Participant: 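Before we start, here is the structure in question, set down as structure tokens.
Keep in mind that this is a model prediction, so the values were computed, not measured. Sequence positions, counted from 1, serve as the residue numbers for this chain.
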Amino acid sequence: MALLTNAVKGTLDLLPCDSGKMQYIEAAAREIAENFGFSELRTPVFEHTELFQRSVGETTDVVQKEMYTFSDKGGRSVTLRPEGTTGAARAFLEHGLFNDPLPQKIYYLTSCYRYEKPQAGRLREFHQFGVESFGAGAPAADAEIIALAHALFQYLGVENLTLELNSIGCPACRRQFQAALKAYFAERAEQLCDTCRGRLERNPMRILDCKSPVCSEIAAGAPKILDYLCDDCRAHFDAVQRYLQAMDIAFTVNPTIVRGLDYYTRTVFEFVSNEIGAQGTVCGGGRYDGLPEAKRCDLFVASMGEAASYKAAALCEALREEGLAAQFDTVGRGLKAQMKYADKLGAAYTVVLGDAELESGEAALKNMRSGETQTLSLDDFTGAFQAILLRDALGQIDTELTEADAAAVLGGLQN
């Protein structure tokens with residue numbers, strides 16, 4: 001029977017004699033983060049369980065074994081946060097921060113909860129300092145996050161740390177790597193520990209992170225993710241390394257680094273100490289693309305004049321009936337302000353309607369990423385625009401598609 005005067009196993013009281021140390025570390029983290037242009041975000045201690053299942057990954061140890069999940073009095077399944085990123089991404093979407101200037105750079109100091117075996121430096125209730133840079137796709141953003149952690153350790157006087165770097169690629173190249181890993185470990189399944197035999201089907205990458213001496217020895221000969229990177233992922237990883245070199249931050253490439261959460265893509269990193277025992281990682285993180293996906297805007301229709309505004313509304317309605325995300329001006333902005341708003345929405349394409357376009361029956365469609373324009377008939381705008389989006393999705397810009405092809409395939413992609 002538990003003693004009511006004892007703290008729950010895996011938790012720790014922070015006594016007055018130690019609270020000053022925690023305050024010093026937190027103050028240092030805030031100062032460094034704000035020097036890098038990050039602002040504080042605070043999120044609730046619990047979230048809907050499905051949020052973690054979908055983002056962290058249902059095959060991860062965190063979701064399968066470690067989350068504190070319960071039903072509230074309304075019968076809803078909620079979970080104490082096991083990490084900070086997912087809640088931050090949810091807040092980014094819920095409050096429309098993607099409409100503000102990007103990147104949105106935030107930090108948090110928060111408590112997290114995982115039901116795992118308590119050990120030196122690892123508790124069931126632990127405190128996490130984290131930073132997120134939403135809307136920054138360039139390699140420079142990865143390097144900046146790493147530089148922030150490096151600056152914090154320097155500020156705190158933490159010595160003898162090694163920065164280890166890896167890329168785990170995008171979903172496309174990772175699928176090929178997963179297949180190679182599965183084939184490699186399947187031939188040695190009888191030698192793996194019980195946990196890793198279960199991982200073999202669900203998530204073979206996690207075997208690379210097993211601390212069992214036998215599994216570690218087997219993993220040493222496994223295929224390396226760096227051999228499976230696509231051209232884009234390899235170029236991204238090379239650029240991250242060049243940025244770190246430019247900032248004079250030493251690192252080593254460690255192709256065995258993986259992260260325990262499914263949302264990571266491309267760059268992953270760890271700061272490792274050899275002076276604190278087996279649990280030597282003191283900081284870890286990486287990039288994730290696709291976790292905080294803002295609501296898309298396929299097309300923004302800008303208009304000049306009353307007649308053009310009516311036509312913009314009609315075009316958007318026709319596109320929405322086909323499952324596309326289309327918007328037009330509803331507050332009477334000038335053309336320049338409308339285009340700024342389209343850019344803030346992240347619109348993939350824009351089209352401008354005025355008296356000249358209504359008279360000619362044609363309008364110029366602009367790709368907001370490439371800047372390229374093409375003329376479309378207003379009478380056949382929906383079908384033509386669907387075909388363009390489909391070509392984008394398939395990466396086959398030169399392929400000629402019929403409207404029926406476009407409608408059928410695009411509908412399948414959206415479903």
Side-chain angles (χ1 to χ4, degrees), residues 50-65 83 85-86 89 137-139 141-142 164-189 192 195-210 215-216 218-241 253-270 284-293 296 389-397 399 409-415:
E50 293 80 7
L51 183 68
F52 296 115
Q53 290 173 334
R54 294 181 62 182
S55 59
V56 173
E58 293 196 38
T59 64
T60 62
D61 289 347
V62 172
V63 169
Q64 290 199 336
K65 301 177 182 179
E83 49 86 42
T85 293
T86 301
D142 303 17
E164 299 183 354
L165 198 66
N166 192 24
S167 173
I168 57 172
C170 63
C173 44
R174 196 156 61 243
R175 276 194 295 271
Q176 298 181 39
F177 176 57
Q178 294 267 30
L181 274 186
K182 187 174 180 181
Y184 173 83
F185 285 121
E187 295 178 354
R188 300 156 179 84
L192 298 174
T195 299
C196 285
R197 278 197 292 271
R199 289 169 170 166
L200 182 57
E201 291 297 327
R202 301 192 310 269
N203 193 348
M205 282 183 67
R206 299 298 302 133
I207 302 176
L208 299 175
D209 202 32
C210 183
C215 293
S216 296
I218 295 173
K224 301 294 187 288
I225 179 63
L226 296 180
D227 295 330
Y228 291 82
L229 295 184
C230 63
D231 291 343
D232 287 344
C233 287
R234 187 173 302 282
H236 186 103
F237 189 47
D238 289 344
V240 171
Q241 295 175 67
V253 174
N254 180 355
T256 67
I257 292 179
V258 295
R259 306 300 303 158
L261 311 179
D262 278 359
Y263 53 67
Y264 284 106
T265 56
R266 292 188 170 177
T267 308
V268 291
F269 67 91
E270 293 180 353
R287 163 173 290 277
Y288 52 90
D289 297 308
L291 180 58
E293 292 182 358
R296 75 184 197 281
L389 289 184
L390 179 57
R391 291 170 193 150
D392 288 350
L394 297 178
Q396 297 174 340
I397 305 301
T399 301
V409 181
L410 189 61
L413 291 176
Q414 291 170 340
N415 292 331

Participant: Taking all non-hydrogen atoms of both residues into account, name the closest pair between R174 and T265 and its distance.
Facilitator: NH1-CA, 4.0 Å

Participant: Quick one: list whatever passes side-chain hydrogen bond (donor to acceptor under 3.5 Å, both in side chains) with D142, sequence neighbours left out.
Facilitator: H236, T267, R287

Participant: Rounded to the nearest 0.5 Å, how far does CD1 of I218 lie from CZ of R188?
Facilitator: 7.5 Å

Participant: If you take all heavy atoms of A222 and L181, which pair is closest and at what distance?
Facilitator: CB-CD2, 3.9 Å

Participant: Are the side chains of M205 and R199 in contact, using a 4.5 Å heavy-atom criterion?
Facilitator: no

Participant: Closest heavy-atom contact between G169 and C173?
Facilitator: CA-SG, 3.6 Å

Participant: Nearest 0.5 Å, what's the CZ-SG distance between R197 and C215?
Facilitator: 8.5 Å

Participant: Check the pair V240 / F269 against side-chain contact (heavy atoms from CB on, under 4.5 Å), numbers first and verdict last.
Facilitator: CA-CA 11 Å; V240 171; F269 67 91; over 6 Å; no

Participant: Applying the side-chain contact (heavy atoms from CB on, under 4.5 Å) test to N166, which of L226, T256, N254 qualifies?
Facilitator: L226

Participant: Is any side-chain heavy atom of S167 less than 4.5 Å from a side-chain heavy atom of L229?
Facilitator: yes

Participant: Could you tell me the separation between the CZ atom of F177 and the OH atom of Y184, rounded to the nearest 0.5 Å?
Facilitator: 11.0 Å

Participant: So, does T86 use its side chain to make a donor-acceptor pair with the main chain of F52 at under 3.5 Å?
Facilitator: no

Participant: If a pair satisfies side chain to side chain donor-acceptor pair (under 3.5 Å) and one of its residues is in residues 222-232, list it, with sequence neighbours excluded.
Facilitator: none

